[in-house]
Amino acid sequence: MRERALAPFRAALDAAIWAARIEWGWDRAPEYALSQDFAVRMLSRRSERHGAVRLLTDARRARTLESRHPDAARDQLWAGAAVVAASARSARDLEDLAALLIAASRLDAGDGAVPRRLAPVVALLGDTERAVALARGVRTDVAIELAYVARAAASIGDSRADEIVTDALVQIGAPGAHGDGGAGAAAIDAGVAATAVVPAGSAAPDAPVGALLRTAQAVAGTALYLSPESALARAGQARALIERAFAAPPGPTSVEGLRSRQFRSAREHEQVLAATTYATIAVACAQAGDHRGAVAAARDARTQLAAVADAAHRAVGLADTAARLAVRTAECSRWSALVLDSVAGDAAVDALATTDDVAALAAIARLLAGGAERDGDNAEPPAVADLEHATLAAGRALDRIAADDAIPPRGALLSAARVVSPDAPLAVRAARGTFERARTAHHASSLERRTRARGEAVALAEAAAVFDAAGVEATARAAAHAARDAVSRVPAAARARPLAEVAAVLLGARDADVRAVAEAAAREERTGTIGRWDAAAPALLVAAVLRIERRERSPAQREILDTGILDLRRGEHAPSLTMLADLAARHGDAACAAELVEHALRAAHVRDPLRRERALAAVRDASTVLAEVTRDATVAGRPGGDAADNAAPAALSIDDTARAWLHVGYPIAGLRALAAAHPGVAERIAAAIRRDLEV
């Protein structure tokens, strides 16, 4: 009686919702009409299920929801599908379930390009097949992306890495890509120019220098994990790509060239990239037992760096080369290791003698200490730390910071302090000097005070982090509060990133009061900024939390992680989500990395190509089975088609089929079994899936 009494009111409510959709538009519809609870309650009553499915699959309602909260419409569709699956009793229930799942898959559909460096993250997570499919979906530089996928796959021991390298070399037009390993290995073994392998003028005209060098870097990195014979072949091909890049006359400006000009000069950046790749080739040759090839590649790395004019850039390149030459595995012979150690030591000494720049010295110290964080563009195995030269570089950087009147460059104080140990007297003295200068800085005008406040805030935060690590709690708290005060002098429209920078430095502090300052800054970054949204701000905060061990994260830090990812999804900033996925994967947080990969794909409006291929295959399989079932039914004289839809066979119940569909995540998984169980409804669902795949 209660249900019958409430039915007219529910009908009136349904009518009001559809009137809202037609007359007002979903933007002005009542909030309850957009809520998940309302739709789920409708679905739970079988008499209202058809209206609920129509409500959830309304495209305009979905767009309104997506504009307010990323994935809200998709989550509602999945929740609705779960309700239908739990109570499925008829073929009509299966059709409703298919409608909900297909609508959810349409929300994932798009024509965007796969973000660069996302495919290697998928390979690191162990799904090489999907990684290759994604790599082919980048808009440019497919060869580079495939090469990075190969390196990631090789690092986890996937045997398909060598095959993927071959594919990358074919894409970039490298001669000998199909296994001319003997010529490549011989070229390295003799220490001669790779023009002996690749004649001048054979380069493909559409391969820019940056693409050749990046591909060479990834191919050389892959060689570190291959068998000796394959490693020598790949090392020779990487060398050939480097020589091809510098033998060809300068071509038109490429994306890689534009990016590299953000540093010193495009050509100098390319020289350093070539040198570090030669260092990786040297280690690959040493592991493969080719001593002469290792020595030749190490010398080429030093020769390449000699052409870099900027002293600071050359010094950092020397340190990076030295760090890569120090990569060791059990395969290296003692003689090869001694030679590479000698070259690495000479490079480290030259790096220290080349520059007095504070930022360069701090970078040198970090590289030689083996603490440089590698990313998707620059990943190598952990290096054997050269603590002697790293400590010298860090000490010189800290001496300069303590003696100079200027605020140190961003990151220099903290990097150098971590090398010598933050509680070392030298680190504390440099932090104290930075604290005093930044706190009492005098400015000639209010404009100067506002423009310099950001740098002072970060310097104060780094000083606070050093004091916190050294156990000087009172001074650490004072420096943290001073950093927060300095940020308040930055104009409100530009305050988001300085707040995030301060919070990112202090989030890992041991002292609770210092962490509280960081958490307050993170909350203000999200809720208090009024200027243009800056994707770098939430990305900095999420990266800082990802560097903290999962079990050590506080509830406030977990909230910062979740809200930062949500902001990046709302802003559809796929590059930042890709960078964070790579960071999570390299810090061993596979679950978070997989989640960030999915966020990046949705933010880039990319339909997963592998899922689409599997969907098409499943539809074809279902059609084949459907034809067989129909033929068997005709032979046996049984009624087929819709007349048999409501008959639940003993082998597979409707409820089991619905649950299987929901569990797999796409409506065609299990379609073959459905075709065998319910031919008529399976054909209608397959037709709907074909329409979905054509969108």
Identify the two heavy atoms, one from Glu243 and one from Tyr278, that lie closest to each other, and give their separation to 0.1 Å.
OE2-OH, 2.7 Å

Does Arg400 use its side chain to pair, donor to acceptor, with the backbone of Asp356 at less than 3.5 Å?
yes

A quick test of your reading: do over 12 heavy atoms of other residues, nucleotides or ligands sit less than 6.0 Å from CD of Glu598?
yes

Measuring from atom CZ of Arg214 to atom CD of Glu270, what distance do you get when rounded to the nearest 0.5 angstrom?
10.0 Å

What I want to check is whether the side chains of Arg366 and Ser415 have a donor and an acceptor closer together than 3.5 Å.
yes

Using modelled atom types only, decide if a donor and an acceptor are shared between the side chain of Thr391 and the backbone of Leu387 within a distance under 3.5 Å.
yes

Is the shortest side-chain heavy-atom distance between Gln171 and Thr215 below 4.5 Å?
no

Note, Leu241 side chain near Ile172 side chain (heavy atom, < 4.5 Å):
yes

For the atom pair CG (Leu596) and CG (Leu601), what is the distance rounded to the nearest 0.5 Å?
11.0 Å

Just say parallel, tilted or perpendicular for the rings of His313 and His269, cut-offs at 30° and 60°.
parallel

Take atom CZ of Arg569 as the centre, draw a 6.0 Å sphere, and report whether it contains more than 12 heavy atoms from other residues, nucleotides or ligands.
yes

Mind checking the CG-CG spacing from Leu561 to Leu541? Nearest 0.5 Å is all I need.
10.0 Å

Side-chain donor/acceptor pairs under 3.5 Å, residues 147-157, sequence neighbours excluded:
residue	atom	partner	partner atom	Å
Tyr148	OH	Gln217	OE1	2.9
Arg151	NH2	Gly376	O	3.1
Ser155	OG	Ala152	O	2.6

Could you check whether any side-chain N or O of Ser342 sits under 3.5 Å from a backbone N or O of Leu338, counting only pairs where one atom can act as donor and the other as acceptor?
no

Is any side-chain heavy atom of Glu268 closer than 4.5 Å to one of Arg314?
no

Residue set satisfying side chain to side chain donor-acceptor pair (under 3.5 Å) with Asp167, at least two apart, ordered chain then number -> Arg136

Do the non-hydrogen side-chain atoms of Leu413 and Leu398 ever get within less than 4.5 Å of each other?
yes

Under the side-chain contact (heavy atoms from CB on, under 4.5 Å) test against Val597, which residue among Leu577, Leu118, Leu124, Leu580 passes?
Leu118

Could you check whether any side-chain heavy atom of Arg302 comes within less than 4.5 Å of a side-chain heavy atom of Leu318, counting everything from C-beta outward?
yes

Rounded distance (nearest 0.5 Å) linking atom CD of Gln304 with atom OG1 of Thr321
10.0 Å

Under a 4.0 Å threshold between the charged nitrogen and the carboxylate oxygen, would Arg454 count as salt-bridged to Glu501?
yes

Closest non-hydrogen atom pair, Ala363 against Val316
CB-CG2, 4.2 Å

Value for CZ (Arg117) from OG1 (Thr578), rounded to nearest 0.5 Å, stands at 10.5 Å

Please determine whether side chain to side chain contact (heavy atoms under 4.5 Å, CB included) holds for the pair His573 and Trp533, giving the CA-CA distance in whole Å, both sets of side-chain angles, and the decisive distance to 0.1 Å.
CA-CA 11 Å; His573 205 266; Trp533 181 73; 4.1 Å; yes

Side-chain (Asp127) to main-chain (Arg130) donor-acceptor, under 3.5 angstrom
yes

Please test Asp300 against Arg239 for salt bridge (charged side-chain N to carboxylate O under 4.0 Å, His left out), starting from the C-alpha separation and ending with a verdict.
CA-CA 10 Å; Asp300 287 337; Arg239 172 188 278 272; 2.8 Å; yes

Donor-acceptor under 3.5 Å (Thr280 side chain, Thr276 main chain)
yes

Considering only heavy atoms from C-beta outward, does the side chain of Ile401 approach that of Val358 to under 4.5 Å?
yes

Any chance you could measure Leu134, atom CG, to Arg116, atom CZ, to the nearest 0.5 Å?
15.0 Å

Can a donor-acceptor pair be found, under 3.5 Å and without considering hydrogens, that links the side chain of Arg234 to the backbone of Asp162?
yes

Between Val505 and Glu462, is any pair of side-chain heavy atoms under 4.5 Å apart?
yes

Answer yes or no: is there a side-chain heavy-atom contact under 4.5 Å between Ile242 and Leu212?
no

